[in-house]
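Remarks on the structure that follows.
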2 protein chains.
Amino acid sequence: MAESGPATLDSVAARAGVSRQTVSNVLRHPSRVAAPTRERVLAAIRESGYRPSLPARQLATRRAHAIAVRAERQQDGISGLVLDAFYHGLAEAGQDNGLRVLLYAQPEDEAAEVALIDELVLTGAADAVVLTATSADDERPAHLRANGTTFCAFGRPWGHDDEPHDWVDVDGAVGTGLAVQHLLDLGRRRIAYLGWPGDGAEPSTGTDRRRGWLDALAEAGLGGAALEARSLNDAAAAQAAVAELLDAPDAPDAIVCASDTLALGAHRAATTRGGEPATVVGFDATPVAAALGLASVAQPIDQAAHLCIELLTGRLETPDRPAQGLLVPPVLHLPT
Amino acid sequence: MAESGPATLDSVAARAGVSRQTVSNVLRHPSRVAAPTRERVLAAIRESGYRPSLPARQLATRRAHAIAVRAERQQDGISGLVLDAFYHGLAEAGQDNGLRVLLYAQPEDEAAEVALIDELVLTGAADAVVLTATSADDERPAHLRANGTTFCAFGRPWGHDDEPHDWVDVDGAVGTGLAVQHLLDLGRRRIAYLGWPGDGAEPSTGTDRRRGWLDALAEAGLGGAALEARSLNDAAAAQAAVAELLDAPDAPDAIVCASDTLALGAHRAATTRGGEPATVVGFDATPVAAALGLASVAQPIDQAAHLCIELLTGRLETPDRPAQGLLVPPVLHLPT
DNA sequence: CTAGGGTGTTTGAGCGCTCAAACTTTGAGC
DNA sequence: GCTCAAAGTTTGAGCGCTCAAACACCCTAG
């Protein structure tokens, strides 16, 4: 076996008695090769333990066969967990589509991030990028579009529908709607919403979730009784806000929350008082909600990641196709 | 400017009136180039917006300039959060050392994982791998060693000190020691430990954390009073275990926990009874601990990630150097 | 005045793959 | 029996870089 170094297309070709290109065809375009030849080549590949060289392929095709995604500098709350699941989903879907997933460290600001992304694309380290944590005043999509960089956002282009791009998002309104329905089924009628400051102004994740709650109430004919509190995504602040809400004359008997962090605060406010505690529903179905025995809206993160890869592979193949936006519905996780 | 395609080493060389290799030297070995030439070349690079092609470099050097790390299939608890921080740390440290970070989806089992890792290395997608979530019965290190694959583990080679490899780990014993000291300072004397089942048998993260608690107690002359409970890493189970502990005649006045998940359960058990609640200290300093107002031991994840990269770059440069193990001390995060 | 050592720069070859075009064989169709 | 297309296979060129060796030049030493 004393070969000289690892097997290459040429060494396999020699062993099988065919040309370099035929071996390549067996791997990339099997239909172009006659069955007997194919078998012979496959045997040679197996015997020699041949593994195609990725860099050589990248150089020849001018494709990195990789996408980049940001590693967040730090999580702001309990819900950060979902990112791990997203990474896994991307890696898994990527593997199925011949795309590797590259991690880049979150830079100081959006300008630096766009520059870094373009660096990755220009050096041929990645073909495209998945944008996470998008918001209404996010400048990254516009810049990437201007630079001609292929990307897909996990998150809607809030308020930028005039500049279409590929995106995937979870339908938060459906999620809070499910939460409300669940509470109605439980016999609750005074269903409050605990959201983030500013929800309701410019379009955002928060606005969307709040709307789902409001619409579901309206549909149930309970629109007038809209009870509501706001809090930063911090359990202590949430606890205070909900305590106030519960002290009011017409206290709610249930609270739909925009996040599990808020739900944790709401849960503590609800349980540290006498009487029948208000039922709390969280958002993101983190282990915290499970630990507290709370129902929580689960985002189909894995599905979202797969769809991002799908959009990206599609666009890399057909760069000119129209931009697509995909909305996936969440499901309600009930406590066990 | 109507160039034909993106700038290359040759196009930059032509523009600067030098040879291909000189441009390469300016980038990789600036000292080999005379200062005036260097300036001229740098100007040409700037003007042409030249970005070196990574695949071409990889092909020529037979180095991927990348490392791989696993994207976990799913988190089993609240503390999973630390992985995000680890990813970011790797990406950041990698960028500083010219190493990209590649994510691979966790396969079915360890055998499949080793195969996947070797695939990544043999195809030239990565030079090395960072192993996470190592345990005593982990077969991956032995296999990787056998295959000659470069790797660094985040986690000690529990019980496999005879098969040395590079690793970085957080000193859990120091962490629980800090927790005990903190409680002693607070005037607590009956300090219990809430750990995982099996801690104390074969060496593991749990054993290590437990030992830190025990040693700190002994040092304070409180060794005899060792109160202890065990629970799966589940808040509900932890709550039950601690409730039992608190019902005992000599109930503890403080509880050191092996994780924030356990701490959440302990906290609930401690607060749902009258009298002065036992003080709970968690492990991992997740947002949950902060939300509950608990002190918690914080792992210097970022530092650990940087050290992994350091070990890896060192080994890639000097493959024959002896294996190194690095232990980093955690710090105690106090509630604000 | 020339041999010889630096210093700085260029040249040739090749990394392992894919594309496009060229070539060879086969088998129908008339 | 001959042409022509389809099917299968090979050839040539090149992707953009780095390594090693070759080269040109200047300066000092004998």
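Throughout, protein chains are lettered first and strands after them, A, B, ... in sequence-line order, and every chain is numbered starting at 1.
In summary, the side chains of B:T149 and B:N147 do not present any donor paired with an acceptor at a separation below 3.5 Å, with no hydrogens or angles considered. Using a 3.5 Å distance cut-off with no hydrogens or angles, the side chains of B:Y104 and B:E113 do pair a donor with an acceptor.
In terms of heavy-atom proximity, A:F154 sits nearest to A:C308 at CB-SG, 4.4 Å.
A nucleotide of DNA chain C counts as in contact with chain B when one of its atoms lies under 4.0 Å from a heavy atom; the first and last such, 5' to 3', are C:dG8 to C:dG16.
Across the interface with DNA chain C, nearest-nucleotide mapping of B:R32 and A:S53 shows B:R32 to be the residue nearer the 5′ end. Nucleotides of DNA chain C nearest to B:A60 and B:S31 differ in position, and the one nearer the 5' end is that of B:S31.
The main-chain N or O of A:A136 is found under 3.5 Å from a side-chain atom of A:H160 such that the two form a donor-acceptor pair. Proximity of a side-chain donor or acceptor of A:R73 to a complementary backbone N or O of A:P107 within less than 3.5 Å is detected. The backbone N or O of B:P164 lies less than 3.5 Å from a partner atom in the side chain of B:R145, making a donor-acceptor pair. With A:R46 contributing its side chain and A:V41 its backbone, the two residues share no donor-acceptor pair below 3.5 Å.
Under the side-chain hydrogen bond (donor to acceptor under 3.5 Å, both in side chains) test applied with A:R315, the options A:D127, A:D166, A:T150 reduce to a single match, A:D166.
End-to-end axis angle of the helix from C:dC1-D:dG30 to C:dC30-D:dG1, from C1' rotation axes over five pairs per end: 60° (rounded to 10 degrees).
Using a 4.0 Å cutoff on non-hydrogen atoms, the parts of residues 20-27 of chain B near DNA chain C are B:R20, B:Q21, B:T22, ordered by number.
Using a 4.0 Å heavy-atom criterion, one finds that B:P55 contacts no nucleic acid atom at all.
The aromatic rings of A:F151 and A:H165 sit tilted relative to each other, their planes meeting at an angle between 30° and 60°.
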